[in-house]
Enquirer: 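This structure is in structure tokens; I'll ask about it shortly.
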Protein chains: 6
Amino acid sequence: MPHLDPDLVRRVVRDALAEDGAFYDVTTLATVPAEQRGRGVFLAKGDGVLAGLPLAEAAFAAVDPWIRLTPLLADGTKLERGAHIASVEGALAGILSAERVALNFLQRLSGVATLTRQLVDAVEGLDVRIVDTRKTTPGLRALERYAVQVGGGHNHRFNLEDGVLIKDNHLAAGRARGQSLAQVVAAARAGVPHTLRIEVEVTSYAEAQEAVEAGADIILLDNMDPAEMARCVQMIGGRALTEASGGVTLANVRAIAESGVDIISSGALTHSAPALDISLEVETA
Amino acid sequence: MPHLDPDLVRRVVRDALAEDGAFYDVTTLATVPAEQRGRGVFLAKGDGVLAGLPLAEAAFAAVDPWIRLTPLLADGTKLERGAHIASVEGALAGILSAERVALNFLQRLSGVATLTRQLVDAVEGLDVRIVDTRKTTPGLRALERYAVQVGGGHNHRFNLEDGVLIKDNHLAAGRARGQSLAQVVAAARAGVPHTLRIEVEVTSYAEAQEAVEAGADIILLDNMDPAEMARCVQMIGGRALTEASGGVTLANVRAIAESGVDIISSGALTHSAPALDISLEVETA
Amino acid sequence: MPHLDPDLVRRVVRDALAEDGAFYDVTTLATVPAEQRGRGVFLAKGDGVLAGLPLAEAAFAAVDPWIRLTPLLADGTKLERGAHIASVEGALAGILSAERVALNFLQRLSGVATLTRQLVDAVEGLDVRIVDTRKTTPGLRALERYAVQVGGGHNHRFNLEDGVLIKDNHLAAGRARGQSLAQVVAAARAGVPHTLRIEVEVTSYAEAQEAVEAGADIILLDNMDPAEMARCVQMIGGRALTEASGGVTLANVRAIAESGVDIISSGALTHSAPALDISLEVETA
Amino acid sequence: MPHLDPDLVRRVVRDALAEDGAFYDVTTLATVPAEQRGRGVFLAKGDGVLAGLPLAEAAFAAVDPWIRLTPLLADGTKLERGAHIASVEGALAGILSAERVALNFLQRLSGVATLTRQLVDAVEGLDVRIVDTRKTTPGLRALERYAVQVGGGHNHRFNLEDGVLIKDNHLAAGRARGQSLAQVVAAARAGVPHTLRIEVEVTSYAEAQEAVEAGADIILLDNMDPAEMARCVQMIGGRALTEASGGVTLANVRAIAESGVDIISSGALTHSAPALDISLEVETA
Amino acid sequence: MPHLDPDLVRRVVRDALAEDGAFYDVTTLATVPAEQRGRGVFLAKGDGVLAGLPLAEAAFAAVDPWIRLTPLLADGTKLERGAHIASVEGALAGILSAERVALNFLQRLSGVATLTRQLVDAVEGLDVRIVDTRKTTPGLRALERYAVQVGGGHNHRFNLEDGVLIKDNHLAAGRARGQSLAQVVAAARAGVPHTLRIEVEVTSYAEAQEAVEAGADIILLDNMDPAEMARCVQMIGGRALTEASGGVTLANVRAIAESGVDIISSGALTHSAPALDISLEVETA
Amino acid sequence: MPHLDPDLVRRVVRDALAEDGAFYDVTTLATVPAEQRGRGVFLAKGDGVLAGLPLAEAAFAAVDPWIRLTPLLADGTKLERGAHIASVEGALAGILSAERVALNFLQRLSGVATLTRQLVDAVEGLDVRIVDTRKTTPGLRALERYAVQVGGGHNHRFNLEDGVLIKDNHLAAGRARGQSLAQVVAAARAGVPHTLRIEVEVTSYAEAQEAVEAGADIILLDNMDPAEMARCVQMIGGRALTEASGGVTLANVRAIAESGVDIISSGALTHSAPALDISLEVETA
């Protein structure tokens with residue numbers, strides 16, 4: 001099961017509740033007595049993949065440790081409209097004050113997991129990874145990385161510090177100083193920990209050839225059509241991993257995968273996944 | 001011009017850069033010498049409204065205070081595809097390390113401003129406010145509130161602490177304890193600062209009547225069709241402000257506005273605005 | 001019962017203990033063995049209203065989670081000299097190390113609650129709220145807001161972000177730009193969330209008239225004598241709430257209230273309430 | 001001149017401004033344009049000693065680095081009613097948003113300095129220090145320590161970590177374990193850094209004798225009348241410093257000082273100093 | 001038993017785990033299932049004094065609150081090679097992820113305790129304290145202060161704020177302004193809380209004489225040979241405490257102590273103590 | 001030149017100064033007037049490699065932004081005893097208050113760089129990297145990683161999150177569940193980003209063979225003698241990188257390198273490098 005650091009969850013949820021004023025919800029404080037109890041059920045209002053229950057649970061716990069969220073389904077479950085996701089029970093005031101933050105996380109992360117799962121399902125049977133990118137929501141990358149895994153995807157490097165990707169601008173910078181692609185690759189190799197692979201972004205067959213001969217461990221084929229990708233994959237012949245990137249959609253992902261690439265990365269997984277509609281139906285006692 | 005606290009900008013940008021490992025970008029450190037200079041231009045790749053330049057500027061300044069971003073357009077400008085938004089100049093390494101974070105903010109906030117502007121334009125000539133909701137990205141509410149203003153919209157209460165909204169669940173909680181809507185409104189009035197208006201969410205004409213008679217300052221007409229809204233507005237007759245909410249789209253917003261409501265709130269402004277495509281074209285020296 | 005965010009309590013108490021070096025109390029560490037137990041009773045040394053027990057409880061818990069504070073009275077209770085407020089029992093070392101911080105909070109907040117209660121009692125039978133201001137102790141506003149409620153008072157806006165108050169300087173700034181009071185009120189109305197009332201500070205009958213005609217929701221009558229206030233209240237005739245401010249004392253508060261104003265605000269509640277004398281009598285085992 | 005860490009000033013002022021919502025002052029944002037300029041003068045509305053100008057300066061700088069505060073007098077100056085303390089000039093919006101926080105610090109710290117100076121002046125010509133205690137405002141101890149110095153006083157230990165004071169409860173704890181006062185003093189001596197003096201609180205002549213014979217470096221004479229203090233001082237004969245504590249007032253401080261004690265400590269300096277009335281008179285351009 | 005603030009322990013351990021990426025240990029997450037259990041024993045691989053068990057315990061608890069560390073020996077115990085220090089049991093994944101941080105603290109602090117104990121043992125029977133200095137690891141001073149106590153040593157002032165030490169440069173600064181040593185001592189006396197002793201660093205017999213006559217409470221004899229120290233101690237004759245400093249080694253510490261000084265301070269305790277070799281032997285279930 | 005994030009430097013230095021009480025240095029505040037100026041020179045008292053000047057510079061700047069440190073040599077320079085490293089000039093008080101923290105960083109980091117350089121020089125002419133480990137000082141890993149680079153070394157993975165190392169315990173855990181080494185490697189490959197190499201720790205020739213056949217990218221030869229390493233390297237034949245670890249000393253590092261391994265890692269670089277002796281000689285004006 002994908003991993004979420006519980007402490008990170010607590011911290012990000014607490015910050016979101018503070019941003020939402022949930023620790024001093026004037027309406028609820030004035031209209032709902034502390035002793036009134038309530039019960040709610042999270043319902044799917046659309047089809048998708050569930051992700052984010054630990055955040056919902058943490059939201060209620062942060063406003064009132066005695067509120068109990070009981071998962072009826074687990075993160076990763078395929079939801080159909082109407083599915084009962086979890087129930088929550090305890091002091092009604094706390095339930096109402098934390099509801100919005102719980103839903104904001106659930107809907108967003110389930111949206112990411114849902115889109116990921118659609119892409120993963122679309123390439124079923126092919127030996128390819130669907131991975132995310134750095135086009136994530138500022139502040140929420142670790143959560144979105146988790147949602148991608150929940151949807152059956154894999155992660156790319158987490159950030160600029162823990163992975164190497166020589167992009168067009170790095171190559172252009174080298175050329176401006178008279179360096180060949182091979183020299184830039186060698187500089188990267190010399191400068192980074194030996195535990196990291198060297199990935200190079202290329203935009204043409206010729207450049208792909210140059211990169212693989214320079215010893216790149218991974219070749220990122222940027223914005224090529226599937227046919228050209230296939231030619232590159234064949235030429236590379238297993239000497240490097242291949243990653244496809246740029247303009248990946250549900251419509252074209254299988255064609256891209258059939259080019260034989262090892263990895264397909266999609267920024268849309270995190271910057272454009274529509275939220276999954278989920279609601280909390282509350283009953284007051 | 002809408003206001004952004006510069007210190008908040010610095011903090012949120014710095015956190016985003018840290019999350020992205022931008023202060024130790026292994027690829028750039030290994031392949032781009034500190035003294036190499038570069039220049040880039042932000043280009044619109046679609047039509048929309050610009051929002052977020054102060055964040056882009058702060059991103060470069062945080063990695064290298066000598067990098068200079070020069071705005072060519074201001075937040076709030078309507079962009080056409082191809083528009084030159086801003087130029088950035090300085091050490092190439094810093095430009096490359098901060099690029100992604102700058103774009104992540106620009107694209108997201110411009111997306112919010114663009115969608116807001118579309119709704120605002122759709123109700124042109126009518127005396128109605130387009131406002132946001134609490135369905136924002138956790139951690140980014142203040143920025144999204146700003147983007148809504150940049151797009152010509154207004155803000156709803158910022159959070160649970162600084163505004164009163166008696167929702168169905170608060171009313172149901174009261175009913176469960178034998179309280180009428182009027183009693184719940186009175187409890188809210190008694191319990192909150194006199195500086196806050198009392199807003200009540202209603203779902204029917206009858207309930208709207210009850211709310212206005214209870215002295216509510218604002219009546220939120222939830223998920224009604226425009227015709228029913230118009231009846232409510234007429235019945236209320238200026239005794240309270242009226243707000244429409246639920247299922248607002250570009251297609252129906254004008255019809256809703258023509259019902260005579262004072263405010264239209266839309267969660268989609270912040271939870272479903274597609275990112276505006278913006279790129280940074282870099283030239284290395 | 002007034003609400004205090006437990007997490008805020010823990011944080012502010014922990015900071016106060018750190019400031020006081022209570023986590024490394026050299027005298028107690030050197031002279032009191034960890035296993036020695038003690039017992040203490042908080043005693044009122046004057047008459048007043050109790051406020052702040054949750055902070056005292058949190059202070060002991062922060063230095064030693066096994067120390068048990070047992071409230072004998074609740075916040076809001078009227079104390080007479082000699083009253084036993086709470087007992088505390090556990091490791092003596094922790095009791096001694098946390099004592100000062102517990103007392104510093106209890107004495108200060110009980111002082112605020114006591115003064116508030118005196119003003120509230122002085123206007124008994126009249127339909128008027130006693131409210132606080134922004135003249136609070138830096139860092140302790142949320143606690144002092146709580147103490148005012150404990151004493152029977154209400155709160156004004158919490159801060160500049162969540163309430164509107166157009167003061168003399170805002171009006172003067174408008175006049176300097178050729179704007180009338182009505183224009184300034186309109187600008188405020190246009191620029192702030194619809195959930196906030198517009199309050200205007202006035203210093204004369206004429207200005208009050210101007211403000212109410214400009215549609216102000218609340219008129220702050222600043223530094224008027226009760227007779228003039230009464231004339232203003234009559235003229236306003238329920239078209240706006242009225243708030244009295246400036247030089248409120250125990251001696252004049254009832255006269256002010258009898259002018260018919262809805263709200264009386266007093267900075268003295270928080271900037272000049274004398275601490276209530278409370279001591280901790282310790283017995284060692 | 002007493003020392004204030006500039007970074008602490010910035011931090012505490014920034015926190016106070018955030019608490020006050022000064023970075024998003026809705027009234028001012030809506031009614032005062034960014035380009036309108038203003039000018040203000042801080043005026044003393046009572047007699048006293050000025051303290052806290054660096055905090056006022058930091059408050060304006062935090063909301064707008066271009067606002068310029070020009071001190072007309074320095075911290076420590078004796079003020080008479082009507083004195084012009086400082087002028088402030090720049091964007092009016094920022095001046096209005098920071099005004100309250102600036103005043104809250106100035107009034108409180110000047111209050112502490114004023115009361116301290118009164119006690120110091122009352123013992124003029126005698127060789128005695130007026131010192132503060134740990135009965136300070138939570139979160140503001142370093143500022144209040146500064147204000148005491150500004151008023152001509154000295155500081156006691158800052159907190160439990162950096163000074164030794166064996167109080168009645170420590171002695172009682174020792175007695176409960178069969179330890180004499182001398183044994184408790186010896187335990188303290190053995191357990192704390194050699195850089196700290198050992199102070200012992202006593203309540204009688206006999207106990208003072210016991211303490212000095214036990215080698216205490218400082219004897220705290222608690223709640224004695226001046227005559228008994230004088231007897232103790234004579235008996236001690238310079239073998240230890242002597243500190244008077246308990247019930248110190250302007251009325252009795254000289255009598256206490258004439259007993260010959262070296263130090264007089266007063267909790268009232270920080271827990272009961274009335275705020276000095278200071279206002280900011282603003283002119284708009 | 002020496003005291004460690006449990007909250008400080010939690011904080012410093014959590015920071016160390018975050019620095020080590022222990023909350024997202026990619027290797028362990030990918031290869032060890034959450035339900036697999038393990039057991040480990042901490043073994044001494046050399047002779048020394050144990051210090052730091054609370055930090056090891058906190059490290060495992062921070063990654064998984066259900067992992068149980070059972071001390072088999074207590075901090076302060078003299079270890080022989082092969083000694084079983086503690087066992088740890090629970091989810092294997094957490095044990096592996098926290099292992100390195102636990103060991104990094106244990107080895108370093110046991111190293112400090114071990115070296116301290118060697119110096120303390122070397123002066124056995126003499127009335128002298130072995131104390132630390134400010135030459136500690138940035139960020140870890142409170143832990144190293146603890147380890148020194150665990151090894152039988154005492155602490156010097158914790159930092160510049162809580163102790164007075166007039167060093168050669170302070171004296172030189174005074175001389176440059178025409179002040180004598182006595183005048184510098186007097187200035188210090190006048191400027192610091194009366195709870196602090198005044199310590200003066202001297203480098204010659206003459207200067208020691210000057211310092212004691214100026215009323216210094218402690219004389220730091222810097223870099224003298226034992227014979228000269230003995231002369232100084234005799235001259236001082238109990239009028240001040242004496243501290244030896246500079247070049248203290250296991251070889252010369254007893255000779256230094258026999259000079260009669262009260263305190264011997266050693267920077268090497270914290271800047272040069274070799275880590276004690278400790279390992280964790282894990283068995284998987 | 002190795003990279004240090006300036007913001008990290010500021011933060012860690014500020015924390016160290018706060019820990020040392022440098023912002024309220026009672027001795028210096030009492031004895032050195034603010035206007036007295038001073039000048040100091042950092043001198044090497046031993047041979048080594050300089051590292052840490054940016055931290056020294058930041059230390060002075062943090063206490064007084066007008067103090068100017070002028071580097072006379074750069075980080076990475078080989079120092080001989082007596083070398084003048086840098087001069088510092090400005091207010092004497094600030095120089096004295098920041099001196100210890102500046103030295104603590106300089107001495108420690110120069111120690112790491114010095115030991116690294118010794119190992120690097122010892123393998124001169126051979127194609128091998130000297131790299132660090134995770135046995136670093138808690139809180140200072142990024143600084144020590146920098147010092148290793150300054151000394152001519154390279155870095156291993158920074159932490160558990162950004163590199164894969166399957167250790168004996170991971171393999172044992174797999175075996176306990178019936179998994180072969182190849183299966184554990186496959187699980188790691190499947191679970192981590194494709195940007196990371198898979199490194200496997202082995203303790204025998206047979207295990208090395210198994211690892212390379214399982215497709216490991218890097219083989220860590222743990223605690224083997226050089227001859228066995230050479231056999232492993234030959235058998236691996238370039239199919240994987242090889243890393244030697246365990247018991248690396250100046251005496252044996254060349255022999256190890258001559259076995260043909262690509263990388264030699266040494267925990268001693270960071271856990272046992274003796275501090276380089278550096279002093280600050282101050283002249284007062």
Side-chain angles (χ1 to χ4, degrees), chain A residues 12 15-16 19-22 24-33 36 38 92 96-97 100-101 104-105 107-108 134-141 158-167 169-170 172-177 184 187-188 190-193 196 271-272 274-275 282-285, chain B residues 12 15-16 19-22 24-33 36 38 92 96-97 100-101 104-105 107-108 134-141 158-167 169-170 172-177 184 187-188 190-193 196 271-272 274-275 282-285:
Chain A
V12 75
D15 287 350
E19 183 189 53
D20 196 31
Y24 205 81
D25 171 357
V26 290
T27 309
T28 301
L29 287 170
T31 65
V32 179
Q36 189 169 12
L92 178 62
L96 297 182
S97 297
R100 181 75 265 141
V101 164
N104 280 353
F105 280 113
Q107 293 183 316
R108 175 175 298 269
R134 290 166 44 237
K135 298 179 180 178
T136 55
T137 310
L140 303 183
R141 187 171 291 170
F158 186 68
N159 63 26
L160 295 170
E161 190 162 355
D162 67 3
V164 178
L165 177 45
I166 300 174
K167 306 188 83 168
N169 284 324
H170 297 102
R175 276 194 303 272
R177 300 190 316 274
V184 175
V192 307
L196 300 179
H271 73 61
S272 296
V282 177
E283 290 168 28
T284 61
Chain B
V12 76
D15 286 351
E19 183 188 51
D20 196 30
Y24 205 82
D25 171 358
V26 290
T27 309
T28 301
L29 287 171
T31 65
V32 179
Q36 190 168 13
L92 178 61
L96 297 182
S97 296
R100 179 77 265 140
V101 164
N104 280 352
F105 280 113
Q107 293 183 315
R108 176 174 299 268
R134 289 168 44 236
K135 297 179 181 177
T136 55
T137 309
L140 304 183
R141 187 171 291 171
F158 187 68
N159 63 25
L160 296 169
E161 192 162 354
D162 66 4
V164 178
L165 176 45
I166 300 175
K167 306 188 83 167
N169 285 322
H170 297 102
R175 278 194 301 272
R177 298 190 317 274
V184 176
V192 307
L196 300 179
H271 74 60
S272 296
V282 177
E283 289 167 29
T284 61

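Hydrogens, waters and symmetry mates are skipped; everything else that's a heavy atom, side chains included, is used. Residue numbering restarts at 1 for every chain, and letters A, B, ... go by the order of the sequence lines.
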Enquirer: Is it true that a side-chain atom of A:Glu19 and a backbone atom of B:Pro138 form a donor plus acceptor pair closer than 3.5 Å?
Expert: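 Absent.
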Enquirer: Please name the pair of heavy atoms, one in B:Val26 and one in A:Glu161, separated by the smallest distance, quoted to 0.1 Å.
Expert: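 Heavy-atom minimum between the residues: CG1-O, 3.6 Å.
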Enquirer: Can you tell which of B:Ala173, B:Ala176, B:Ala187 has the highest number of heavy-atom pairs within less than 4.5 Å of chain A?
Expert: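 Most pairs with chain A among the choices: B:Ala173.
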Enquirer: If I measure from the heavy atoms of chain B, does A:Ser272 come under 4.5 Å with its side chain, its backbone, both, or neither?
Expert: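 No part of it gets close to chain B.
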Enquirer: Select, from B:Leu29, B:Val101, B:Leu96, B:Val12, the one with the greatest count of heavy-atom pairs under 4.5 Å involving chain A.
Expert: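 The answer is B:Leu96.
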Enquirer: With a 4.5 Å cut-off on side-chain heavy atoms, are B:His271 and A:Gln107 touching?
Expert: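 With C-beta onward as the side chain, the pair stays apart.
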Enquirer: Please determine, among B:Asn169, B:Asp162, B:Thr28, B:Val192, the option with the most heavy-atom pairs under 4.5 Å with chain A.
Expert: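 The candidate making the most pairs under 4.5 Å is B:Asn169.
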Enquirer: Report the distance from atom CG of B:Asn104 to atom NZ of A:Lys135, rounding to the nearest 0.5 Å.
Expert: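 Here the rounded value is 8.5 Å.
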Enquirer: At a heavy-atom distance under 4.5 Å, which candidate from A:Pro193, A:Pro274, A:Gly174, A:Ala188 has the highest pair count against chain B?
Expert: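 Among A:Pro193, A:Pro274, A:Gly174, A:Ala188, the one with the most close pairs to chain B is A:Ala188.
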Enquirer: Less than 4.5 Å to any heavy atom of chain B: does that hold for the side chain of A:Arg141, its backbone, both, or neither?
Expert: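 For A:Arg141, heavy atoms of backbone and side chain both lie under 4.5 Å from chain B.
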Enquirer: With respect to chain A, which residue among B:Ala190, B:Gly191, B:Pro33 yields the maximal number of heavy-atom pairs within a distance under 4.5 Å?
Expert: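 Option with the greatest count: B:Pro33.
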Enquirer: With a 4.5 angstrom heavy-atom cut-off, could you sort out which part of A:Asp15 is near chain B: side chain, backbone, both or neither?
Expert: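 Answer is neither: A:Asp15 stays 4.5 Å or more from chain B.
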Enquirer: By a 4.5 Å heavy-atom criterion (distance strictly below it), what part of A:Ile166 contacts chain B: side chain, backbone, both, or neither?
Expert: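 Looking at A:Ile166, backbone and side chain both touch chain B.
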Enquirer: In terms of heavy-atom contacts, does CD of B:Glu283 have more than 12 from other residues, nucleotides or ligands at under 6.0 Å?
Expert: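 At most 12 heavy atoms, drawn from other residues, nucleotides or ligands, come within 6.0 Å of this atom.
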Enquirer: So for B:Leu92, is it side chain, backbone, both, or neither that comes closer than 4.5 Å to the heavy atoms of chain A?
Expert: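 The answer is the side chain of B:Leu92.
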Enquirer: Look at the side chain of A:Thr27 and the backbone N and O of B:Leu165, then say whether any donor-acceptor pair between them is shorter than 3.5 Å.
Expert: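 Yes, A:Thr27 side chain to B:Leu165 backbone: donor-acceptor pair under 3.5 Å.
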Enquirer: Count the heavy-atom pairs under 4.5 Å between each of A:Gly38, A:Ala275, A:Gly139 and chain B, then report the option with the highest count.
Expert: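 With the most close heavy-atom pairs to chain B, the winner is A:Gly139.
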Enquirer: Of the listed residues (B:Leu196, B:Val184, B:Val164), which shares the most heavy-atom pairs with chain A below a 4.5 Å separation?
Expert: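 Top option by heavy-atom pairs under 4.5 Å: B:Val164.
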Enquirer: With rounding to the nearest 0.5 Å, note down the distance linking OG1 in B:Thr31 to CZ in A:Arg177.
Expert: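 Reported value, rounded in 0.5 Å steps: 7.0 Å.
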